[in-house]
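Worksheet: the structure to be examined is printed underneath.
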Amino acid sequence: MRQLIIAGNWKMHKTITEAVSFAQELKSSLDNVGTGVEVVVCPPFTALAPVAEVLKGSSIALAAQNMHWEKQGAYTGEIAPAMLKEIGCKYVVLGHSERRQYFGETDENVNKKVMSALENQLIPILCVGETLEQREAGITEKTVEAQTVGALAGLSPEQVSNLVIAYEPVWAIGTGRTASDDDAQQVNNFIRRVIASKFGSNAAEAVRIQYGGSVKPGNAKGLMSQQDIDGALVGGASLKVEDFAGIIKNSL
Ligand SMILES: O=C[C@H](O)COP(=O)(O)O
């Protein structure tokens with residue numbers, strides 16, 4: 001049985017002050033939520049340490065939204081994996097479509113980041129997903145397979161078992177246009193079959209595969225009750241405690 005994992009990706013939102021008060025409020029509103037779901041927040045870099053302080057002793061985990069693959073060096077503006085580990089991050093979001101689209105990330109870069117995260121005991125939340133053009137051209141599976149296989153090249157089945165994959169159709173991100181429960185289930189199931197063929201059935205059974213793209217309190221239950229959907233990567237609706245907590249509670 002895979003534990004649900006619901007992560008709130010704040011993207012480039014919230015100052016330190018806003019992030020800290022959000023974390024305090026979220027902590028108290030999830031007091032009785034139980035262990036059926038793992039809750040993760042992904043603040044911007046500047047708010048990671050202050051939010052880590054607020055979350056100390058709670059079951060809410062911390063994730064960064066990106067990192068460099070190198071240990072250290074002359075990479076102005078970048079953040080190394082050990083820096084995230086030191087703050088207390090458990091997860092790191094890698095290969096988000098916004099990173100691919102606006103910052104030129106390739107499957108090769110994402111693969112280096114996945115390897116480096118694992119070497120530093122950070123669990124990748126690997127994002128994959130097709131654009132609207134790719135969906136309309138009938139190449140959703142081909143696209144998602146290439147991203148998945150490319151990002152996971154060189155990993156062992158054990159390493160794959162422990163990571164999280166987020167299927168995020170680009171056309172559903174921030175658009176209010178969610179994939180139907182069936183469409184999301186179909187692609188998540190396809191990803192699981194890709195993992196099975198490359199890394200074996202144990203890894204495929206264990207790996208958690210989220211859905212992301214306009215997840216809200218009202219559609220969370222339908223999506224989360226699909227066989228191959230093991231959680232959500234939430235953007236816009238993770239910025240308000242009421243909405244994010246609503247998604248978590250409705251998923252159980
Ligand atoms: O990382 C989160 C996703 O990009 C989803 O964003 P959204 O919930 O605003 O559509």
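Side-chain atoms are counted along with the backbone in the values below, which use heavy atoms only and exclude waters and symmetry mates. First listed ligand is number 1; within each ligand, the first listed atom is number 1.
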- Task: Check if Lys11 has a non-hydrogen atom at a distance under 4.0 Å from any atom of ligand 1.
- Result: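 Contact check Lys11 vs ligand 1: positive.
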- Query: Should Ser214 be listed as contacting ligand 1, given a heavy-atom distance under 4.0 Å as the test?
  - Reply: yes
Under 4.0 Å from any heavy atom of [X], which atoms of ligand 1 are there?
X      : value
Gly213 : 5 (C), 10 (O)
Gly174 : 7 (P), 9 (O), 10 (O)
Leu233 : 1 (O), 2 (C), 5 (C)
Ala172 : 10 (O)

- Query: Is Lys90 salt-bridged to Glu38, cutoff N-O under 4.0 Å?
  - Reply: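 Salt bridge present between Lys90 and Glu38.
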- Query: Can a salt bridge be assigned to the pair Asp181 and Lys221 using a cut-off of 4.0 Å between side-chain N and carboxylate O?
  - Reply: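 No, this pair does not count.
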- Query: Which residue supplies the protein heavy atom nearest to atom 3 (C) of ligand 1, what is that atom called, and how far is it?
  - Reply: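 It is Glu168 OE2, 2.8 Å.
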- How far is atom 8 (O) of ligand 1 from its nearest protein heavy atom, and which residue and atom name does that atom have? Gly235 N, 2.9 Å
- Linked hydrophobic residues, Phe190 as query - side chain contacts closer than 4.5 Å: Val149, Val194
- Query: Is any N or O atom of Asn9, backbone or side chain, closer than 3.5 Å to an N or O atom of ligand 1?
  - Reply: yes
- Item | Backbone or side-chain N or O of Val234 under 3.5 Å from ligand 1 N or O | no
- Pick whichever of Ala237, Gly236, Gly8 has a heavy atom sitting closest to atom 9 (O) of ligand 1. Gly236
If you compare all heavy atoms of [X] against all heavy atoms of [Y], which two are closest, and at what distance to 0.1 Å?
X      : Y      : result
Pro124 : Leu118 : CD-CD2, 3.6 Å
Leu152 : Val114 : CD2-CG1, 4.4 Å
Thr148 : Ile165 : CG2-CD1, 4.3 Å
Gln210 : Ala232 : NE2-O, 3.1 Å

- Message: Run the side chain to side chain contact (heavy atoms under 4.5 Å, CB included) test against Ala64 and tell me which residues pass, sequence neighbours left out.
- Response: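 Applying side chain to side chain contact (heavy atoms under 4.5 Å, CB included) to Ala64 gives Phe45, Leu48, Leu84, Cys89, Val92.
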